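Notes for the one structure printed next.
Remember, it's a predicted structure, so these values are computed and weren't measured experimentally. Sequence positions, counted from 1, serve as the residue numbers for this chain.
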Amino acid sequence: MALDLEEQEQIDEFKMWWKQHGNKVIWGVTAFLLLAGGWRAWETWQRNQAAEASMMFDTAVQAASMNDPKATKDTTARIMENQARSAYATPAAWLAGRVNYENGDLKSARGQYEYALEHAKDGSLKQLARIRLAGIRFEEKDYSGALALLNESYDPAFQGLAAQLKGDILLEQGKAEEARAAYKLALKHLDDKSALKPLLEIRLDALGG
(Lines give C-alpha, C1' and ligand atoms only; values in the text may rest on other atoms or scores of the structure.)
Protein backbone atom coordinates (compact mmCIF):
# COMPACT_ATOMS: atom_id res chain seq x y z
CA MET A 1 0.00 0.00 0.00
CA ALA A 2 1.39 3.37 -0.93
CA LEU A 3 2.16 5.68 1.97
CA ASP A 4 0.53 9.06 2.06
CA LEU A 5 2.65 12.16 2.28
CA GLU A 6 2.26 12.56 6.06
CA GLU A 7 3.30 8.98 6.82
CA GLN A 8 6.30 9.28 4.49
CA GLU A 9 7.39 12.47 6.25
CA GLN A 10 7.15 10.72 9.66
CA ILE A 11 9.27 7.84 8.39
CA ASP A 12 11.85 10.20 6.96
CA GLU A 13 11.98 12.12 10.27
CA PHE A 14 12.43 8.89 12.20
CA LYS A 15 15.25 7.79 9.88
CA MET A 16 17.03 11.10 10.44
CA TRP A 17 16.51 10.86 14.24
CA TRP A 18 17.75 7.27 14.29
CA LYS A 19 20.82 8.21 12.30
CA GLN A 20 21.68 10.81 14.94
CA HIS A 21 20.64 8.93 18.10
CA GLY A 22 20.45 5.24 17.18
CA ASN A 23 23.84 4.32 18.64
CA LYS A 24 22.92 5.94 21.94
CA VAL A 25 19.70 3.97 22.10
CA ILE A 26 21.49 0.71 21.34
CA TRP A 27 24.13 1.39 24.02
CA GLY A 28 21.46 2.40 26.50
CA VAL A 29 19.44 -0.76 25.95
CA THR A 30 22.61 -2.87 26.10
CA ALA A 31 23.68 -1.23 29.37
CA PHE A 32 20.21 -1.78 30.84
CA LEU A 33 20.25 -5.47 29.91
CA LEU A 34 23.73 -5.88 31.36
CA LEU A 35 22.72 -4.16 34.60
CA ALA A 36 19.54 -6.20 34.85
CA GLY A 37 21.47 -9.41 34.25
CA GLY A 38 24.13 -8.37 36.74
CA TRP A 39 21.51 -7.58 39.37
CA ARG A 40 19.88 -10.99 38.89
CA ALA A 41 23.29 -12.63 39.18
CA TRP A 42 23.94 -10.66 42.38
CA GLU A 43 20.60 -11.72 43.87
CA THR A 44 21.32 -15.34 43.00
CA TRP A 45 24.76 -15.09 44.61
CA GLN A 46 23.23 -13.53 47.73
CA ARG A 47 20.67 -16.35 48.01
CA ASN A 48 23.41 -18.94 47.60
CA GLN A 49 25.52 -17.24 50.25
CA ALA A 50 22.60 -17.13 52.67
CA ALA A 51 21.83 -20.81 52.08
CA GLU A 52 25.47 -21.73 52.64
CA ALA A 53 25.63 -19.68 55.85
CA SER A 54 22.43 -21.33 57.09
CA MET A 55 23.81 -24.83 56.52
CA MET A 56 27.11 -23.93 58.19
CA PHE A 57 25.31 -22.50 61.20
CA ASP A 58 23.20 -25.66 61.54
CA THR A 59 26.46 -27.65 61.47
CA ALA A 60 27.92 -25.45 64.21
CA VAL A 61 24.83 -25.84 66.39
CA GLN A 62 24.95 -29.61 66.01
CA ALA A 63 28.65 -29.62 66.91
CA ALA A 64 27.95 -27.55 70.02
CA SER A 65 25.10 -29.87 71.08
CA MET A 66 27.49 -32.83 70.71
CA ASN A 67 30.08 -31.03 72.89
CA ASP A 68 32.59 -30.75 70.05
CA PRO A 69 34.21 -27.35 70.72
CA LYS A 70 36.79 -27.63 67.94
CA ALA A 71 34.22 -28.25 65.21
CA THR A 72 32.01 -25.51 66.65
CA LYS A 73 34.83 -22.97 66.67
CA ASP A 74 36.06 -23.90 63.19
CA THR A 75 32.62 -23.64 61.62
CA THR A 76 31.62 -20.41 63.36
CA ALA A 77 34.98 -18.89 62.43
CA ARG A 78 34.29 -19.63 58.74
CA ILE A 79 30.88 -18.00 59.00
CA MET A 80 32.27 -14.86 60.63
CA GLU A 81 35.13 -14.62 58.17
CA ASN A 82 33.40 -15.52 54.91
CA GLN A 83 29.77 -14.65 55.67
CA ALA A 84 30.24 -11.52 57.76
CA ARG A 85 27.35 -9.73 56.03
CA SER A 86 24.89 -12.58 56.48
CA ALA A 87 22.25 -12.80 59.19
CA TYR A 88 24.15 -15.74 60.69
CA ALA A 89 27.41 -13.93 61.53
CA THR A 90 26.26 -12.51 64.87
CA PRO A 91 24.52 -15.74 66.06
CA ALA A 92 27.70 -17.60 65.10
CA ALA A 93 29.72 -15.22 67.27
CA TRP A 94 27.29 -15.77 70.17
CA LEU A 95 27.60 -19.54 69.80
CA ALA A 96 31.39 -19.43 69.63
CA GLY A 97 31.52 -17.06 72.60
CA ARG A 98 29.39 -19.39 74.71
CA VAL A 99 31.44 -22.46 73.78
CA ASN A 100 34.73 -20.68 74.43
CA TYR A 101 33.47 -19.37 77.77
CA GLU A 102 32.23 -22.77 78.89
CA ASN A 103 35.63 -24.22 78.03
CA GLY A 104 37.47 -21.58 80.04
CA ASP A 105 38.89 -19.71 77.04
CA LEU A 106 38.00 -16.20 78.18
CA LYS A 107 40.29 -14.49 75.68
CA SER A 108 38.59 -16.13 72.69
CA ALA A 109 35.13 -15.61 74.20
CA ARG A 110 35.92 -11.92 74.62
CA GLY A 111 36.88 -11.73 70.94
CA GLN A 112 33.60 -13.36 69.88
CA TYR A 113 31.47 -11.01 71.96
CA GLU A 114 33.44 -8.03 70.65
CA TYR A 115 32.64 -9.27 67.15
CA ALA A 116 28.95 -9.59 68.08
CA LEU A 117 28.95 -6.08 69.53
CA GLU A 118 30.50 -4.68 66.36
CA HIS A 119 28.36 -6.55 63.83
CA ALA A 120 24.96 -6.85 65.53
CA LYS A 121 22.37 -4.79 63.66
CA ASP A 122 19.74 -5.07 66.37
CA GLY A 123 20.04 -2.68 69.32
CA SER A 124 18.95 -5.31 71.82
CA LEU A 125 21.64 -7.73 70.66
CA LYS A 126 24.24 -4.97 70.95
CA GLN A 127 23.23 -4.26 74.54
CA LEU A 128 23.26 -7.92 75.49
CA ALA A 129 26.67 -8.37 73.86
CA ARG A 130 27.93 -5.40 75.86
CA ILE A 131 26.76 -7.01 79.11
CA ARG A 132 28.34 -10.37 78.22
CA LEU A 133 31.59 -8.62 77.32
CA ALA A 134 31.51 -6.69 80.59
CA GLY A 135 31.09 -9.96 82.48
CA ILE A 136 34.17 -11.42 80.83
CA ARG A 137 36.22 -8.31 81.56
CA PHE A 138 35.08 -8.56 85.16
CA GLU A 139 36.37 -12.14 85.34
CA GLU A 140 39.63 -10.95 83.80
CA LYS A 141 39.75 -8.33 86.62
CA ASP A 142 39.53 -5.50 84.10
CA TYR A 143 37.14 -3.61 86.37
CA SER A 144 37.44 -0.22 84.69
CA GLY A 145 36.85 -1.76 81.25
CA ALA A 146 33.80 -3.65 82.51
CA LEU A 147 32.33 -0.59 84.21
CA ALA A 148 32.87 1.52 81.09
CA LEU A 149 30.67 -0.92 79.16
CA LEU A 150 28.02 -1.00 81.88
CA ASN A 151 27.86 2.79 82.12
CA GLU A 152 26.54 2.91 78.54
CA SER A 153 22.84 3.58 77.97
CA TYR A 154 20.56 0.53 78.29
CA ASP A 155 16.91 -0.06 77.53
CA PRO A 156 14.71 -0.92 80.56
CA ALA A 157 14.75 -4.60 79.57
CA PHE A 158 18.53 -4.72 80.10
CA GLN A 159 19.02 -2.20 82.91
CA GLY A 160 18.47 -4.84 85.57
CA LEU A 161 21.17 -7.16 84.23
CA ALA A 162 23.60 -4.30 83.71
CA ALA A 163 23.00 -2.89 87.20
CA GLN A 164 23.37 -6.32 88.84
CA LEU A 165 26.73 -6.91 87.20
CA LYS A 166 27.82 -3.37 88.02
CA GLY A 167 26.95 -4.01 91.65
CA ASP A 168 29.08 -7.17 91.68
CA ILE A 169 32.07 -5.26 90.28
CA LEU A 170 31.70 -2.38 92.73
CA LEU A 171 31.40 -4.82 95.62
CA GLU A 172 34.57 -6.59 94.46
CA GLN A 173 36.28 -3.19 94.52
CA GLY A 174 35.14 -2.63 98.09
CA LYS A 175 32.68 0.12 97.17
CA ALA A 176 29.79 -1.09 99.31
CA GLU A 177 27.60 2.02 99.10
CA GLU A 178 27.82 2.20 95.32
CA ALA A 179 27.23 -1.55 95.06
CA ARG A 180 24.11 -1.21 97.23
CA ALA A 181 22.74 1.51 94.95
CA ALA A 182 23.40 -0.63 91.87
CA TYR A 183 21.67 -3.65 93.41
CA LYS A 184 18.63 -1.56 94.30
CA LEU A 185 18.46 -0.31 90.73
CA ALA A 186 18.73 -3.89 89.48
CA LEU A 187 15.85 -5.01 91.72
CA LYS A 188 13.76 -2.16 90.37
CA HIS A 189 14.22 -3.20 86.75
CA LEU A 190 14.41 -6.99 86.94
CA ASP A 191 11.29 -8.98 86.21
CA ASP A 192 9.50 -10.31 89.29
CA LYS A 193 10.06 -13.87 88.07
CA SER A 194 13.81 -13.37 87.56
CA ALA A 195 15.98 -15.90 89.39
CA LEU A 196 18.42 -13.06 90.14
CA LYS A 197 16.02 -11.23 92.45
CA PRO A 198 16.37 -13.53 95.49
CA LEU A 199 20.17 -13.44 95.13
CA LEU A 200 20.17 -9.66 94.98
CA GLU A 201 17.96 -9.43 98.07
CA ILE A 202 20.41 -11.65 99.95
CA ARG A 203 23.31 -9.45 98.90
CA LEU A 204 21.46 -6.32 99.91
CA ASP A 205 20.69 -7.83 103.31
CA ALA A 206 24.38 -8.64 103.74
CA LEU A 207 25.22 -5.03 102.91
CA GLY A 208 22.64 -3.74 105.34
CA GLY A 209 20.39 -2.47 102.56
Side-chain angles (χ1 to χ4, degrees), residues 57 60-61 63-77 79-81 89-120 122-191 193-209:
F57 186 71
V61 170
S65 66
M66 296 174 65
N67 196 28
D68 187 346
K70 185 179 185 306
T72 306
K73 295 176 188 178
D74 290 346
T75 307
T76 52
I79 296 173
M80 289 182 285
E81 181 178 353
T90 299
W94 279 108
L95 183 60
R98 192 198 78 188
V99 170
N100 283 321
Y101 181 82
E102 290 175 350
N103 284 274
D105 187 354
L106 294 184
K107 182 178 179 180
S108 294
R110 173 161 46 83
Q112 308 307 333
Y113 288 127
E114 287 173 346
Y115 180 100
L117 180 58
E118 179 182 353
H119 290 82
D122 181 81
S124 297
L125 287 178
K126 280 185 176 292
Q127 292 176 72
L128 191 54
R130 200 180 296 134
I131 292 172
R132 293 284 181 89
L133 186 55
I136 290 177
R137 289 186 175 177
F138 176 34
E139 292 196 38
E140 293 176 332
K141 301 190 182 303
D142 178 10
Y143 303 140
S144 60
L147 289 173
L149 289 168
L150 295 172
N151 286 333
E152 295 282 343
S153 177
Y154 287 91
D155 293 337
F158 299 100
Q159 285 180 357
L161 290 173
Q164 176 264 321
L165 181 54
K166 185 176 182 179
D168 290 347
I169 296 170
L170 292 169
L171 187 61
E172 184 70 19
Q173 291 180 308
K175 301 176 181 179
E177 289 297 324
E178 294 179 51
R180 185 183 297 112
Y183 286 148
K184 286 183 177 180
L185 181 64
L187 280 175
K188 178 181 177 181
H189 288 286
L190 284 173
D191 186 89
K193 296 180 181 179
S194 173
L196 289 174
K197 273 204 163 185
L199 298 175
L200 287 173
E201 290 169 349
I202 293 172
R203 291 176 186 176
L204 276 173
D205 287 341
L207 289 170

For this session: Would you please name every residue forming a salt bridge (charged side-chain N to carboxylate O under 4.0 Å, His left out) with Asp168, sequence neighbours left out?
Result: Arg203

Exercise. For Tyr154, does the OH atom have more than 12 heavy-atom neighbours from other residues, nucleotides or ligands under 6.0 Å away?
Worked result: yes

For this session: Taking side-chain hydrogen bond (donor to acceptor under 3.5 Å, both in side chains) as the test, write out the residues that go with Asp68, two or more places apart.
Result: none

Problem set entry | Which atom of Leu161 lies closest to which atom of Leu196, heavy atoms considered | CD2-CD1, 3.6 Å

Exercise. Which residues satisfy the salt bridge (charged side-chain N to carboxylate O under 4.0 Å, His left out) test with Lys141, sequence neighbours excluded?
Worked result: none

Exercise. Are Lys107 and Asn100 close enough that a side-chain donor and a side-chain acceptor fall under 3.5 Å?
Worked result: no

Exercise. How are the rings of Trp94 and Tyr113 set relative to one another: parallel (under 30°), tilted (30 to 60°) or perpendicular (over 60°)?
Worked result: perpendicular

Problem set entry | Lys197 bridged to Glu201 by N-O distance under 4.0 Å | no

Problem set entry | Under the ring pair (Phe, Tyr, Trp, His ring centres under 6.0 Å) test, residues paired with His189 that sit two or more places apart | none

Exercise. Sub-3.5 Å donor-acceptor pair from the side chain of Asp191 to the main-chain atoms of Lys193, do we have one?
Worked result: yes

Exercise. What pairs with Glu172 under salt bridge (charged side-chain N to carboxylate O under 4.0 Å, His left out), at least two apart in sequence or on another chain?
Worked result: none

Problem set entry | Residues in salt bridge (charged side-chain N to carboxylate O under 4.0 Å, His left out) contact with Glu177, at least two apart in sequence or another chain | Arg180

